[in-house]
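The chains referred to below are lettered A, B, ... by the order of the sequence lines, with proteins before strands, and numbering in each begins at 1. Predicted, not measured: the structure shown is a model, and the values here were computed from it.
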2 protein chains.
Amino acid sequence: MTRLPDLDALQLLVAVADTGSLGKAAARTGISQPSASARMATLERRLGLKLLERTTSGSRLTGDGAVVTDWARRVLEQAEALVEGAEALRTHADERLAVAASLTIAEHLVPKWLIELRQLLPGTRVGLTVENSHQVVAALRAGEVDLGFVEGTWVPRDLHSAVVGRDRLVVVVAPGHPWARRKEPLTAAELAAEPLLLREPGSGTREVLEAALAAHDGPAVPLIELGATAPLRSAALAGSGPAVLSVLAVAEDIASGRLVEVSLAEDVALRRTLRAVWRRGRELNDAAGRLVQVARGRA
Amino acid sequence: MTRLPDLDALQLLVAVADTGSLGKAAARTGISQPSASARMATLERRLGLKLLERTTSGSRLTGDGAVVTDWARRVLEQAEALVEGAEALRTHADERLAVAASLTIAEHLVPKWLIELRQLLPGTRVGLTVENSHQVVAALRAGEVDLGFVEGTWVPRDLHSAVVGRDRLVVVVAPGHPWARRKEPLTAAELAAEPLLLREPGSGTREVLEAALAAHDGPAVPLIELGATAPLRSAALAGSGPAVLSVLAVAEDIASGRLVEVSLAEDVALRRTLRAVWRRGRELNDAAGRLVQVARGRA
DNA sequence: AAGACCTCATAGGCTGTCTCTATGACCCCG
DNA sequence: CGGGGTCATAGAGACAGCCTATGAGGTCTT
């Protein structure tokens, strides 16, 4: 089994990289200097790499150390997003700011927003509920949550809303697929005729796709229908066929080349708007307003 | 300080999600069933969430559990990439397949390729050296490595090469920046006139930018010059100004909306090719060939 | 040139956590 | 109404990590 590293050790490594000294890094992470020394030694032993150049005037990263530190930052970023998200889930509705978000937004965006919000308002407790768009609206109307995030074109009349971003559905294929080498954008008619890997009927992404292809006799009978994003992505990676899903779920796969995005002609409209939603009449309190600002990119 | 979770516990959580049983998950991760039970209990306590619905016929995820598991998968993916990368750095040249890669590729792509390669050829040991493009070529010529990965337009005459992908330099700004709301693509002249956040002269990204803007009197005097990608990204996130860096470094920031990519007019050519390179004469062995295939997306 | 100050490493002792095996309680199914 | 599956509890043991105290080495300043 892969012997996984210790997150505390990675955090310490990053601290050393930032401060240039084992002692300062130890202070920053709240442990003693000898412990930090030992911890780094075991990390180095476990990875089998020399990460630090220890001199009497501090510790600098070796070449390998710099590369590993870069990877470590990414691991920690994801871990912190998990912790923030979990905290938001935990403190639910009984705290200062109760938020409900649809699944895509909750999974991919909310944790990062919360990390940023925490820097702006360190004391704020945020509770997060994960629901579908209709449930989010219901929770808002019932006063169970202060703020909601939904995707879709649909605008409820009795609620305020603000656009915080856009989601794009993309058609992705494994690199071996013929579409991976296409130069010309895919037309709506072509996409409508092709059997695809899709989310189940009734899901948000499926509805967007159906609306976009309705004029061309909707999507063809799917190759596979799956109830969640993760297995859909796996199927696409395995080369089962073209999949349609949110760019948020596959951005990194596209960037790294594990999946190829098939460009679409302009007659295929697979965008949907991400909105913050709240109750009319009830003004946004400070925390909610800030969160919307963060989500919009602190305008 | 944020109490970080234990990676082993996250791995166990994912195993429970996959197998549907604490006992099976325990077996899969190589610990006893009671340990698994206790471990999950402490994870739940630490996060303050009920993750599992324990029944006498197995354990299923709760709603919160499903969301946390999704986040956990992302954490683990990054952690495994770190371990794979570290192993490759460690086993260097004294093993079956020695690889040299330039920094951008090594940081962002190689670990994922190695994870995939390991699934295809479990026994293969890969050694990784991180160098700049010129050093990679030198190492190939000297026979120190079997395979290299470089970025750039430049093609050495005495080496074989295969295109494995493309890198794109992007102009990114924090969401509050005026350019974030632009509709029209940015022209080369406009970009050349604007003070930017840049890598230092001589770096690969800087050279590409200079070549692209040479016709318009090069880039303007930079706002800041930084020697690595990570601080450049941080500066951009902080809103210091428009930054120019590889899309690989900021793909997720763009997807999540923390940074906004400014679209560029067609007269700004900021692409560079990623190539696998090897020695003429010396045929690629099985492992090297597979790795190239993986990098190209198993064509 | 020498003391002050910084760096990191080592030693010894302790606490705490995680582990295992063994067992029990519960439920489903035949 | 047993058998086979689930998970929880209990008690003992091992190991890893932490801390304080100290030492050794280098740098900077006076």
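- To the nearest angstrom, P of dG17(D) lies 13 Å from CE of M40(A).
- Computed from coordinates, the K24(A) NZ to dC5(C) P distance equals 16 Å when rounded to whole Å.
- No more than 12 heavy-atom neighbours from other residues, nucleotides or ligands sit within 6.0 angstrom of CZ on R60(A).
- Among residues at least two apart or in separate chains, there is no ring pair (Phe, Tyr, Trp, His ring centres under 6.0 Å) pair with a member in residues 13-33 of chain A.
- E53(B) has its CD atom 17 Å from the P atom of dT6(D), to the nearest Å.
- Between dT6(D) and T55(B), no contact under 4.0 Å exists linking OP1 or OP2 to a side-chain N or O.
- Partners of E225(B) by salt bridge (charged side-chain N to carboxylate O under 4.0 Å, His left out), not counting sequence neighbours, listed by chain and number: R206(B).
- With sequence neighbours excluded, no residue forms a side chain to side chain contact (heavy atoms under 4.5 Å, CB included) with T56(B).
- Contacts classified as ring pair (Phe, Tyr, Trp, His ring centres under 6.0 Å) and involving residues 105-125 of chain A (residues at least two apart or in different chains) are given here: W113(A)-F149(A).
- Scored by the side chain to side chain donor-acceptor pair (under 3.5 Å) test, S35(B) finds S32(B) as partners (sequence neighbours excluded).
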Treating primed atoms plus P, OP1 and OP2 as sugar-phosphate and everything else as base, which nucleotides of nucleotides 9-22 of chain C get B, S or - for protein heavy atoms under 4.0 Å?
BB--------SBBB
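- A search for side chain to side chain donor-acceptor pair (under 3.5 Å) contacts involving E207(B) returns nothing, not counting sequence neighbours.
- The side chain to side chain donor-acceptor pair (under 3.5 Å) search around S102(B) returns E151(B), not counting sequence neighbours.
- Taken residue by residue, residues 56-67 of chain B places heavy atoms nearer than 4.0 Å to DNA chain C at T56(B).
- Residues meeting the side chain to side chain donor-acceptor pair (under 3.5 Å) test with T229(A), sequence neighbours left out: R199(A).
- Checked against side chain to side chain contact (heavy atoms under 4.5 Å, CB included), P195(B) has the following partners two or more places apart in sequence or in another chain: L223(B).
- Helix bend of the helix from dA1(C)-dT30(D) to dG30(C)-dC1(D): the angle between its two end axes, each built from five pairs, comes to 30° after rounding to 10°.
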